[in-house]
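The structure appears below as structure tokens.
Naming: A, B, ... by sequence-line order, numbering from 1 per chain. Any value given below was found using the heavy atoms of this structure, including those in side chains, with hydrogens, waters and symmetry copies removed.
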Protein chains: 2
Amino acid sequence: MGKGHASVKAMQRGALARATGCNLETIRYYETIGVMPDPPRDPNGYRNYGEDHVRRLRFITRARALGFSLDEIKGLLSLVDSHSQTCAEVEGVAAAHLKEVRDKIADLQRIEKALSDTVAQCSGAQIPDCPVLDALLV
Amino acid sequence: MGKGHASVKAMQRGALARATGCNLETIRYYETIGVMPDPPRDPNGYRNYGEDHVRRLRFITRARALGFSLDEIKGLLSLVDSHSQTCAEVEGVAAAHLKEVRDKIADLQRIEKALSDTVAQCSGAQIPDCPVLDALLV
DNA sequence: CTTGAGCCTGTATGTCCTACAGACCCTATG
DNA sequence: CATAGGGTCTGTAGGACATACAGGCTCAAG
């Protein structure tokens, strides 16, 4: 029994879409531009995905939602993919992205503060001009 | 002297682009879709911007870089614009965006951790297969 | 063996920009 | 004053990133 790490439940494109929240057609698009690999095919030609694909696609869709371009995402994924790069090269790419990520976090935290202040302060009142919101525009 | 809050240095489209980092043509695009207001014009027809426009456009470009759609940005800016909405309505919109913002922060923090761990652990070594990076794909 | 859901490919459409073309305005300089 | 340049104006074309649709194949269920 146990074929090692075998429990690879076969997944078709629709199942992958549901598992990741990614649009069905977008999966094919990511395949054509090379950010998702060409998956193995069943005898009937259907794409056959596994857990690796789920994790990779989930990362891609989240990274897109965070404003990373597909080129940046390729760069990040190359860190994972590259068994050909040295650790020193990998470190360089990672470090380059780190500042961008930290800047994004800082921006989001400012927005979060403005929104949570708004929710806290406006609550109940009827004043239609909330000065708190100006924080959004700093 | 001091004309009150008068020091509104006249700014043309190029100056606004440089002040915000936004592309020159994109400014005009944002105007046509209504996310930036039609600015006043100089006698020669040139657009004339002030500090308000700088802050607003800076917010828009940052929010786009953080993965917010233009529709979402319109929603956020309506919080600032709306002198017609009640505080209760404003609170609702703000609360709705708050969860999304916090989710984005959490996702970015996971990426940040994966990258900073990579930078810390890979440094110096020559091993081309860093298990640390798999954290990116959780 | 038909019916329907899901998959296949190719292509058209949509959003969000970005770039270009042709004309106008303004300043500087010979 | 003439003109050369750089900036602006409008309209429109092009590109990146998806998303939707059309026509046909496959497969399990009834």
Side-chain angles (χ1 to χ4, degrees), chain A residues 8-50 53-54 56-78 100 104, chain B residues 8-50 53-54 56-78 100 104:
Chain A
V8 186
K9 49 191 166 189
M11 230 191 256
Q12 314 189 309
R13 192 152 56 103
L16 179 61
R18 281 187 300 277
T20 57
C22 181
N23 180 288
L24 179 72
E25 304 289 345
T26 305
I27 295 172
R28 196 159 54 104
Y29 171 68
Y30 285 162
E31 190 181 312
T32 64
I33 65 169
V35 69
M36 283 291 286
D38 290 18
R41 302 282 184 130
D42 290 334
N44 56 16
Y46 288 15
R47 291 169 178 80
N48 187 332
Y49 297 102
H53 298 102
V54 174
R56 187 183 184 96
L57 182 53
R58 190 133 46 194
F59 174 75
I60 294 168
T61 54
R62 284 183 184 171
R64 285 294 294 138
L66 293 169
F68 293 96
S69 72
L70 284 172
D71 275 353
E72 287 175 310
I73 291 170
K74 280 181 190 172
L76 287 167
L77 286 173
S78 78
E100 184 191 359
K104 279 177 189 277
Chain B
V8 186
K9 49 191 167 191
M11 230 190 254
Q12 319 191 299
R13 194 150 57 102
L16 180 61
R18 281 188 299 277
T20 57
C22 182
N23 180 288
L24 180 71
E25 305 288 346
T26 305
I27 294 172
R28 196 159 54 102
Y29 171 69
Y30 285 162
E31 189 180 314
T32 64
I33 65 168
V35 69
M36 282 292 286
D38 289 18
R41 301 285 185 129
D42 290 336
N44 56 14
Y46 288 14
R47 290 169 179 81
N48 187 332
Y49 297 103
H53 297 101
V54 175
R56 188 184 182 93
L57 182 53
R58 190 133 45 191
F59 174 75
I60 295 168
T61 55
R62 283 183 185 172
R64 284 295 295 139
L66 292 169
F68 293 96
S69 72
L70 285 173
D71 274 351
E72 286 174 312
I73 292 171
K74 279 182 190 171
L76 288 166
L77 286 173
S78 78
E100 185 191 0
K104 279 178 188 278

So, B/Arg13 side chain and B/Tyr46 main chain: donor-acceptor pair closer than 3.5 Å or not? no
Does B/Glu72 come within less than 4.0 Å of B/Lys104, counting only side-chain N to carboxylate O? no
In this structure, how many angstroms lie between the P atom of C/dC7 and the CD atom of A/Glu31, rounded? 14 Å
Sugar-phosphate, base or nothing in reach of B/Leu70, heavy atoms under 4.0 Å: sugar-phosphate
Under the 3.5 Å rule, do the base of D/dG11 and the side chain of B/Arg28 count as making a donor-acceptor pair? yes
In whole Å, what is the span from the CD1 atom of A/Ile33 to the C1' atom of D/dT19? 14 Å
May I ask you to evaluate whether A/Thr26 reaches the phosphate of D/dT19, defined as a side-chain N or O under 4.0 Å from OP1 or OP2? yes
Find the distance B/Leu57:CG to C/dC17:P and express it as a whole number of Å. 11 Å
Indicate yes or no: does B/Glu25 engage B/Arg28 in a salt bridge with an N to O separation below 4.0 Å. yes
So, does A/Asn44 get its side chain near the phosphate of D/dC27, meaning an N or O under 4.0 Å from OP1 or OP2? yes
A/Glu25 atom CD is separated from C/dT9 atom C1', nearest whole Å, by 10 Å
Do the side-chain N or O atoms of B/Arg13 get closer than 4.0 angstrom to the phosphate oxygens (OP1, OP2) of D/dG7? no
Using a cut-off of less than 4.0 Å, is there contact between a side-chain N or O of A/Arg41 and OP1 or OP2 of C/dT9? yes
Under-4.0 Å side-chain N/O to phosphate OP1/OP2 contact, A/Tyr46 with D/dT26: no
Any side-chain heavy-atom pair from A/Arg64 and A/Leu70 closer than 4.5 angstrom? yes
For the pair made of CD1 in A/Ile60 and P in D/dC17, what is the distance, rounded to whole Å? 13 Å
Side chains of B/Asn23 and B/Tyr29 in contact at under 4.5 Å (non-hydrogen atoms): no
Given D/dC17, is OP1 or OP2 found less than 4.0 Å from the side-chain N or O atoms of A/Arg64? no
Pick the nucleotide of DNA chain C nearest each of B/Tyr29 and B/Asn23; which residue has the one closer to the 5' end? B/Tyr29
Value in whole Å for how far the C1' atom of D/dG7 lies from CD1 of B/Ile27: 13 Å
To the nearest angstrom, the CG-P distance between A/Asn48 and D/dT26 comes to 18 Å
It should be established whether B/Gln12 places a side-chain nitrogen or oxygen under 4.0 Å from OP1 or OP2 of nucleotide D/dG7. no
Integer-rounded Å distance: C/dC17 P and B/Ile73 CD1: 7 Å
